[in-house]
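Input: a single structure, listed below in structure tokens.
Keep in mind that this is a model prediction, so the values were computed, not measured. Letters go in sequence order (proteins before strands), and every chain restarts at 1.
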Number of protein chains: 2
Amino acid sequence: MRDAAVTIRDVAQAAGVSVATVSRVFNRPDLVTAALRARVLTTAERLGYVAYGAARALASGRSRAIGAIVPTLDNQVFAVCIDALQQRLDAHGFALLVASAGYDAARETREVRLLLERGIDGLMLVGAEHPPAVWALLGRRAPAVPAVVTWTSAAADIPVPCIGFDNAAAARRIVAHLLELGHRRIAMVAGPTVGNDRAAARVAGVRAALAASGLTLAPPYLSERPYTVPDGHAAALALLSLPDPPTAIVCGNDHLALGALAGARALGLSVPRDLSITGFDDLDFAAYAEPPLTTVRVPAAEMGQRAAEYLAAAAIGPAPLLGTVLEAPVMLRASTARPPSRLPAALRPPRCDRPASALR
Amino acid sequence: MRDAAVTIRDVAQAAGVSVATVSRVFNRPDLVTAALRARVLTTAERLGYVAYGAARALASGRSRAIGAIVPTLDNQVFAVCIDALQQRLDAHGFALLVASAGYDAARETREVRLLLERGIDGLMLVGAEHPPAVWALLGRRAPAVPAVVTWTSAAADIPVPCIGFDNAAAARRIVAHLLELGHRRIAMVAGPTVGNDRAAARVAGVRAALAASGLTLAPPYLSERPYTVPDGHAAALALLSLPDPPTAIVCGNDHLALGALAGARALGLSVPRDLSITGFDDLDFAAYAEPPLTTVRVPAAEMGQRAAEYLAAAAIGPAPLLGTVLEAPVMLRASTARPPSRLPAALRPPRCDRPASALR
DNA sequence: CGGCATTCTGAAAGCGGTTACATTCTTCGG
DNA sequence: CCGAAGAATGTAACCGCTTTCAGAATGCCG
């Protein structure tokens with residue numbers, strides 16, 4: 001395969017020095033005389049020498065590669081994080097191996113193993129909830145492979161530092177906003193909570209805020225749906241066809257909220273006049289939705305950057321960080337307002353003198 | 001670093017066999033007796049043995065890793081492609097190294113070098129236009145590292161296969177649709193075309209379609225903007241404040257279109273009654289925008305999958321593929337309609353008896 | 001101008017696997 | 001029952017680079 005590739009030996013020979021010197025020119029340039037260094041560099045350039053990472057990793061014991069596993073890259077919020085992670089890692093000379101686990105614990109374990117096999121020097125994970133096998137795998141190498149967990153701040157029982165935000169608190173704040181506006185019938189369309197501590201924390205936060213006002217959250221006011229726009233649409237339709245429809249719908253993320261917005265529109269409802277809707281993530285379409293979406297801004301890029309800084313450092317020496325809680329502010333926009341004083345016309349039971357189709 | 005890591009030698013010793021046998025158990029299991037194989041596997045499992053990729057790569061000459069460089073992961077369309085690429089690669093036992101080049105040729109060259117250094121067995125690139133250094137680097141290893149170029153179908157002068165679609169044709173079709181509806185004043189908000197053959201091809205396509213109807217495209221009807229929502233907003237505002245505003249705006253991607261939609265709304269225009277707007281990409285918010293966006297569906301996931309299949313194959317043996325042109329259908333939705341019969345009220349020059357603010 | 005501390009540079013031993021080749025063990029045909 | 005072909009396993013030579021250690025070159029001081 002790499003038959004004709006230029007190796008360090010070729011460079012050494014062409015420059016009339018030893019391989020050790022060539023190696024030093026690239027790794028510890030300060031140890032080599034300026035003149036020699038220049039000669040080697042020139043020769044290397046001329047020959048088109050590209051050091052072979054595998055050999056380097058094998059000899060030095062570090063791969064200068066970091067792994068990251070996200071639930072999916074389909075969701076822009078994770079993609080943004082990965083983008084930031086990669087750029088920052090790049091600045092430190094690390095490469096990024098990505099894998100997506102699709103919200104599946106078994107697949108995640110598999111990916112961790114694969115990444116470890118690749119000799120990664122660090123690993124970024126999303127969320128606090130991971131199969132025990134993951135932690136076991138991580139600890140196997142000695143010393144254990146440095147890892148960070150993002151998207152969460154609850155560092156409770158996990159053996160690695162967190163760089164994230166408080167999902168529950170953010171959910172609480174957005175519900176508090178709704179309560180202040182006067183809403184009492186507040187429903188939630190959550191993401192799937194099994195194996196997903198972030199989704200669960202958001203539900204818990206909503207529930208806590210409601211409880212503080214003597215309200216509760218339970219099906220059918222609480223529904224769990226995959227994080228997609230069509231699911232948000234369907235969920236909103238279901239909620240709004242309830243005999244006692246909510247005046248506000250809290251969505252687990254912006255995709256669900258965008259769908260809910262469309263659902264409300266399909267029913268002839270005006271948001272926020274007839275119904276308030278909130279999202280979570282603050283993706284770039286959120287501020288430009290119709291109406292602009294009140295949502296929680298998730299510091300995706302910043303998590304990526306901080307994770308990169310931490311992992312780059314931890315790959316070299318001992319880890320200087322234990323936990324970081326980032327801000328996740330509520331972005332108040334036009335999709336929330338005071339609840340309507342009475343049931344919106346579009347939701348009222350059909351009467352004989354009006355076309356029943358309004359309810360569809 | 002990897003002091004206490006379990007090596008193949010540990011497994012061999014514990015299982016009472018030679019390292020060669022252990023290696024064979026994992027790579028050519030058919031060459032080992034079932035009984036022995038089982039014994040080795042059990043021992044490996046018990047010891048928690050994880051083969052070290054770097055050593056493997058060094059000894060075998062292949063890293064089983066593929067690289068991918070995209071302009072940015074911020075744009076969902078690329079993230080979707082990468083997600084598909086990774087999943088498919090995973091099925092073939094390959095890992096994925098990603099990097100983003102931020103539409104910057106120098107940065108891209110750097111990333112290619114870095115990836116090559118990592119010993120990748122294949123590389124996915126976006127678009128046909130790349131600095132010569134990239135091709136040089138790719139050919140340096142012998143045989144050359146297999147590469148694919150996505151997002152384009154114009155395989156003209158590039159030395160690697162393409163898996164993509166015809167940007168110009170898609171743009172032509174969407175403009176044809178507009179022309180059929182009766183539009184004559186058609187403007188375009190394009191992405192930055194320098195160093196970006198896709199953006200340039202879209203402009204060319206629009207121009208070709210217009211030319212076929214005796215129309216032309218030039219500033220101020222043509223403006224280039226970064227691919228962001230706010231830029232689409234600003235561009236639409238600029239276009240609509242022209243003395244002779246367009247009745248349709250073709251946008252280089254969905255982000256620009258979403259911004260344009262918001263811009264039109266801000267001016268009090270109703271889309272599509274007063275103005276038609278089209279996008280490109282068909283991101284998941286497009287169908288749920290208000291109004292739903294007429295756009296071109298870019299086969300992002302499919303390009304990722306096909307690139308994975310090709311690269312996985314090419315990494316093993318000779319490449320079985322030369323070029324694939326995928327469909328990029330126009331999705332007709334509600335953001336396009338016949339042009340208004342006369343200048344919309346909101347765009348008419350202010351008169352003394354109406355508030356001038358309508359124009360802002 | 002010699003001796004010693006200080007730099008630089010080179011030789012060579014791995015790093016943890018893979019794999020060509022040698023060796024040993026089976027299995028049969030003659 | 002012997003010998004050879006064939007199957008299974010072991011031996012050891014790399015893969016390309018880093019890094020320790022020793023030796024050569026240089027600079028400084030007395």
Side-chain angles (χ1 to χ4, degrees), chain A residues 1-40 43-44 47-65 93 116-119 121 140-142 316, chain B residues 1-40 43-44 47-65 116-119 121 140-142:
Chain A
M1 195 80 211
R2 308 187 68 256
D3 316 315
V6 179
T7 76
I8 197 173
R9 249 172 279 271
D10 301 326
V11 177
Q13 187 168 9
V17 298
S18 72
V19 295
T21 299
V22 178
S23 174
R24 275 191 286 259
V25 164
F26 289 106
N27 301 303
R28 308 287 313 277
D30 50 303
L31 293 181
V32 181
T33 319
L36 240 200
R37 197 191 316 151
R39 191 162 98 224
V40 171
T43 313
L47 264 40
Y49 169 66
V50 175
Y52 187 44
R56 225 169 152 153
L58 182 56
S60 67
R62 28 183 95 272
S63 63
R64 306 225 74 172
L116 248 23
E117 205 163 302
R118 245 75 206 195
D121 288 340
R140 194 99 74 194
R141 284 244 307 257
I316 309 295
Chain B
M1 194 81 213
R2 308 185 69 256
D3 316 316
V6 181
T7 76
I8 197 173
R9 257 168 266 270
D10 300 326
V11 177
Q13 187 169 8
V17 299
S18 72
V19 294
T21 300
V22 178
S23 175
R24 276 191 285 259
V25 165
F26 290 106
N27 301 303
R28 309 287 313 278
D30 51 302
L31 294 182
V32 180
T33 318
L36 239 200
R37 199 189 315 151
R39 191 163 97 225
V40 171
T43 315
L47 265 39
Y49 170 65
V50 175
Y52 186 45
R56 231 171 146 149
L58 181 57
S60 67
R62 31 182 93 273
S63 62
R64 304 226 76 174
L116 248 23
E117 206 163 300
R118 245 75 205 196
D121 289 339
R140 194 100 73 192
R141 285 241 309 256

Nearest heavy atom decides the nucleotide; on that basis, is A/A59 or A/R24 closer to the 5' end of DNA chain C?
A/R24
Backbone of B/A15 reached by a side-chain donor or acceptor of B/R39 within 3.5 Å:
yes
Heavy-atom side-chain proximity of A/V50 to A/V6 below 4.5 angstrom:
no
Heavy atoms under 4.0 Å, any strand shown: does B/V22 hit a base, just sugar-phosphate, or nothing?
nothing
Could you check how far CD of A/Q13 sits from P of C/dG10, rounded to whole Å?
13 Å
Strictly distance-based, threshold 3.5 Å: is any side-chain N or O of B/D10 a donor or acceptor partner for the main-chain N or O of B/T7?
yes
Taking only heavy atoms on the protein side, list every residue of residues 26-34 of chain A lying under 4.0 Å from any atom of DNA chain C, sorted numerically.
A/L31, A/V32, A/T33
Judged by atom type as modelled, is there a donor-acceptor pair below 3.5 Å linking the side chain of B/R118 to the main-chain atoms of A/R64?
yes
Any side-chain N or O of A/S18 below 4.0 angstrom from OP1/OP2 of C/dT9?
no
Starting the side chain at C-beta, find the nucleotide from D/dC17, C/dT18, C/dG17 nearest to B/Y49.
C/dG17
Assert: residue with more 5' nearest nucleotide on DNA chain D, out of B/L58 and A/R56, is B/L58
Within this structure, what is the CG-to-P distance between A/D10 and D/dC15, rounded to whole angstrom?
11 Å
Any N or O donor-acceptor pair under 3.5 Å from the base of C/dG17 to the side chain of B/R9?
yes
For A/V40 and A/V32, what are the C-alpha separation, side-chain angles and deciding distance, and is it a side chain to side chain contact (heavy atoms under 4.5 Å, CB included)?
CA-CA 10 Å; A/V40 171; A/V32 181; 6.0 Å; no
Give, for atom CD of B/Q13 and atom CD1 of B/I8, the distance between the pair rounded to the nearest 0.5 Å.
13.0 Å
Nearest 0.5 Å please: distance from the CG atom of B/L31 over to the CZ atom of B/R37.
9.5 Å
Write down the distance between CZ (B/R62) and P (C/dG17), rounded to a whole number of angstrom.
19 Å
A/I8 CD1 to D/dT18 C1', in whole Å, measures 8 Å
What nucleotide among C/dT19, D/dC17, C/dG17 has an atom nearest to a side-chain atom of A/Y52?
D/dC17
Within the pair A/T21 and C/dG10, is there a side-chain N or O less than 4.0 Å away from OP1 or OP2?
yes
